[in-house]
Amino acid sequence: MAEQHQGKAVQTTGHAWDGDLQEFNNPLPRWWLWSFYATVLFAVIYWIWYPAWPVAKSFTKGIGTVTYQSGGKQVTTHWNTRAELIEEMQTGSETLKQQAYLEKISAASYDDIVNDPDMMAFTRSMAKVLFADNCAACHGVGGTPAQIGQYPNLRDDAWLWGGDINQIEQTILQGRNGYMPAFGEVLSDAQLDEVANYVLSLSGHSVDTAMADAGRAIFQGKQGGCYYCHTESGKGMASQGSANLTDAVWTVADVPGAADDAARVEVVKTVIRNGVHRQMPAWRGRLSNAQIKLLTVYLQSLGS
Ligand code: HEC
Ligand code: HEC
């Protein structure tokens with residue numbers, strides 16, 4: 001390989017195509033050569049450090065490692081992006097800040113949290129994520145369910161099981177069993193009509209007053225025994241999770257979605273005929289106490 005000098009004839013490789021088409025034999029430019037050597041060196045270091053070559057059913061693991069916590073133990077593996085992400089999530093500056101806040105919240109009383117704007121802001125942002133991951137499948141994003149009847153709305157200030165901090169915490173910790181027996185076997189169709197009229201009268205709907213009067217006797221008497229769970233006033237009991245029948249909020253019977261008086265009677269009647277059985281799962285053990293605390297404060301602030 002001869003050097004090409006300015007002015008001298010350029011060497012060729014000696015091959016000729018199509019009679020006179022020749023190939024110059026120029027040396028490679030220095031910058032190009034050095035870049036090339038640098039990439040070779042880079043590749044070798046890369047192979048040594050990172051997983052690189054397929055070998056049989058496995059691959060060369062490289063000497064780089066990542067260490068992270070798993071199940072209370074320290075785990076060291078060969079370098080890989082998954083482990084690196086786990087490590088980052090455990091030791092990143094954001095994570096450490098979150099852990100410090102979580103510890104602060106675990107130690108704080110509910111009053112302290114609610115009265116501290118910083119802790120509240122943190123609570124809201126963490127609880128939103130927890131809610132989306134664990135609760136939204138049933139309760140809907142932001143706490144508003146799509147459909148009356150399936151799951152209670154957690155956004156309004158009407159609570160089946162009570163809306164103060166301790167009651168909400170108990171609901172999440174131990175779960176709730178919303179149960180009302182079916183009255184289809186106990187009451188005749190006419191009686192169901194009557195009691196449905198009475199129930200609607202409690203929340204100020206226009207009803208057939210004669211029917212509602214007959215319904216009151218069923219509701220407040222032995223035959224229906226509705227007062228036993230809903231109380232005589234119809235306001236319900238937090239200890240039973242029995243709905244307040246006197247307000248404009250409906251959690252099982254889709255009264256707001258019914259077109260007219262007859263349709264309203266029908267939806268209420270259907271609930272009384274079929275009863276209700278809804279289960280809120282318990283989260284004790286599945287979420288940490290600190291997480292349940294965050295969710296409790298968040299839901300309480302949504303409701304009020
Ligand atoms: C599998 C579905 C499901 C999931 C998941 C679920 N819930 Fe519920 N939740 C229910 C049902 C059903 C009820 C109504 C129980 C009843 O009828 O009394 C309920 C009731 C509640 C209530 C009581 C509302 C009231 O009016 O008193 C709260 C509070 C609540 N859920 C919070 C949560 C939180 C927080 C999560 C997530 C950690 C969650 N739920 C996850 C189904 C679910
Ligand atoms: C054993 C207790 C119990 C008895 C008895 C009972 N209920 Fe209920 N009722 C409940 C509970 C609990 C709920 C709420 C269920 C839920 O949301 O999970 C409910 C819900 C309702 C609803 C739906 C309210 C809404 O917001 O959508 C109506 C209507 C109703 N009851 C009417 C009656 C009538 C009428 C009777 C008597 C014939 C009666 N209940 C007897 C426990 C009872």
Side-chain angles (χ1 to χ4, degrees), residues 127-140 143 145 148-165 167-184 186-187 191-200 202-203 215-231 234 236-257 264-265 267-284 286-287 291-300 302-303:
K128 262 189 203 156
V129 177
L130 281 171
F131 194 90
D133 287 350
N134 299 288
C135 325
C138 290
H139 288 290
I148 295 181
Q150 305 256 282
Y151 306 104
N153 183 353
L154 303 181
R155 208 151 235 197
D156 57 22
D157 204 19
W159 298 91
L160 291 163
W161 298 97
D164 76 34
I165 284 280
Q167 288 166 318
I168 297 175
E169 188 181 43
Q170 281 308 305
T171 297
I172 303 173
L173 273 173
Q174 68 187 23
R176 298 289 194 186
N177 196 4
Y179 174 71
M180 164 167 147
F183 286 89
V186 184
L187 302 175
Q191 287 175 314
L192 288 172
D193 263 328
E194 290 164 355
V195 83
N197 270 279
Y198 176 65
V199 165
L200 282 164
L202 292 173
S203 49
R216 180 206 312 270
I218 299 170
F219 191 99
Q220 309 288 5
K222 248 198 177 145
Q223 200 163 24
C226 318
Y227 70 96
Y228 180 76
C229 293
H230 289 283
T231 74
M237 283 190 279
S239 61
Q240 297 290 313
S242 51
N244 181 351
L245 303 176
T246 68
D247 61 10
V249 176
W250 296 87
T251 170
V252 195
D254 191 4
V255 171
R264 278 188 277 276
V265 169
V267 291
V268 171
K269 215 175 125 180
T270 305
V271 171
I272 303 168
R273 186 195 293 122
N274 298 338
V276 185
H277 197 181
R278 298 195 301 189
Q279 183 91 42
M280 158 70 182
W283 293 89
R284 175 180 269 137
R286 289 200 277 168
L287 293 175
Q291 288 173 317
I292 288 175
K293 206 166 185 178
L294 293 174
L295 282 167
T296 301
V297 176
Y298 171 67
L299 288 185
Q300 221 243 352
L302 273 188

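Residues: numbered from 1 along the sequence shown. Remember, it's 1-based here, ligands and their atoms both numbered in the order they're listed. Side chains are part of it too, since the values below use all heavy atoms of this structure and drop only hydrogens, waters and symmetry mates. All values reported here derive from a predicted model rather than from experimental measurement.
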Which residue and atom name correspond to the protein heavy atom nearest [atom], and how close is it?
atom                    : value
atom 28 (C) of ligand 2 : Leu245 CD2, 3.6 Å
atom 41 (C) of ligand 2 : Phe183 CE1, 3.5 Å
atom 7 (N) of ligand 1  : His139 NE2, 2.8 Å
atom 36 (C) of ligand 2 : Cys226 SG, 2.8 Å
atom 15 (C) of ligand 2 : Val276 CG1, 3.7 Å
atom 4 (C) of ligand 2  : Cys229 SG, 3.3 Å
atom 11 (C) of ligand 2 : Ser242 CA, 3.5 Å
atom 17 (O) of ligand 2 : Arg278 NH2, 2.6 Å

**OP:** Select the closest option to atom 14 (C) of ligand 2 among Gly241, Gly224, Ala158, judged by heavy-atom distance.
**Re:**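 Answer by nearest heavy atom: Gly241.
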Original post:
Can you tell me how far the CD1 atom of Ile168 sits from the CD atom of Gln300, to the nearest 0.5 Å?
Top reply: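 Reported to 0.5 Å precision, the distance equals 5.0 Å.
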Subject >> Spacing of CD belonging to Gln291 relative to CG belonging to Leu294, to within rounding of 0.5 Å >> reply: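 If I round to the nearest 0.5 Å, the distance is 7.5 Å.
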**OP:** Consider every N or O of Gly225 and every N or O of ligand 2, then say whether any pair is closer than 3.5 Å.
**Re:**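 No.
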Original post:
Do any N/O atoms on Val252 end up under 3.5 angstrom from N/O atoms on ligand 2?
Top reply: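 Yes, there is a polar N/O contact under 3.5 Å.
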Subject >> Within-shell test, Ala137 vs ligand 1, heavy atom, strictly < 4.0 Å >> reply: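 Per 4.0 Å heavy-atom rule, Ala137 does not contact ligand 1.
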Subject >> Sub-4.0 Å heavy-atom contact, Pro281 with ligand 1 >> reply: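 It does, in that a heavy atom of Pro281 comes within the 4.0 Å cut-off of ligand 1.
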Original post:
Does the Trp161 side chain pair with the main chain of Trp159, one donor and one acceptor, at a distance under 3.5 Å?
Top reply: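 Not at all, since once roles are kept as given, no pair shorter than 3.5 Å links the two residues.
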Original post:
Should Trp250 be listed as contacting ligand 2, given a heavy-atom distance under 4.0 Å as the test?
Top reply: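 Yes, Trp250 has heavy atoms under 4.0 Å from ligand 2.
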**OP:** Pick one of side chain, backbone, both or neither for how Thr251 approaches ligand 1, counting any non-hydrogen atom pair under 4.0 Å.
**Re:**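 Near ligand 1, Thr251 shows nothing, with every heavy atom at 4.0 Å or more.
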Original post:
Between Gln167 and ligand 1, which part of the residue brings a heavy atom under 4.0 Å of the ligand: side chain, backbone, both or neither?
Top reply: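 For Gln167, no heavy atom sits under 4.0 Å from ligand 1.
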Original post:
Is atom 8 (Fe) of ligand 1 less than 2.8 Å from an N/O/S atom of Cys135, whether that atom is in the backbone or a side chain?
Top reply: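 It does not; every qualifying atom lies at 2.8 Å or beyond.
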Subject >> Residue Met280, metal atom 8 (Fe) of ligand 1, N/O/S under 2.8 Å >> reply: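 Within the cut-off used here (under 2.8 Å), Met280 does place an N, O or S atom near atom 8 (Fe) of ligand 1.
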Ligand-residue contact atoms, ligand 1 with [X], heavy atoms, under 4.0 Å:
X      : result
Ile172 : 35 (C)
Leu295 : 38 (C)
Gly178 : 16 (C), 17 (O), 18 (O)
Leu299 : 29 (C), 32 (C), 35 (C)
Thr171 : 22 (C), 23 (C), 28 (C), 29 (C)
Cys138 : 1 (C), 2 (C), 3 (C), 4 (C), 5 (C), 43 (C)

Subject >> Geometry at atom 8 (Fe) of ligand 2 - His230 NE2 versus Met180 SD angle, rounded to 10 degrees >> reply: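 If I round to 10°, I get 170°.
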Would [X] count as a polar contact of ligand 1, with the cut-off being nitrogen or oxygen pairs under 3.5 Å?
X      : value
Trp159 : no
Trp161 : yes
Trp283 : no
Leu160 : yes

Original post:
In ligand 2, which numbered atoms sit nearer than 4.0 Å to a non-hydrogen atom of Ala243?
Top reply: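 Within the 4.0 Å cut-off of Ala243, ligand 2 contributes 13 (C), 14 (C), 24 (C), 26 (O).
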Original post:
Which atoms of ligand 2 sit under 4.0 Å from any heavy atom of Gln240?
Top reply: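 In order of number, 12 (C).
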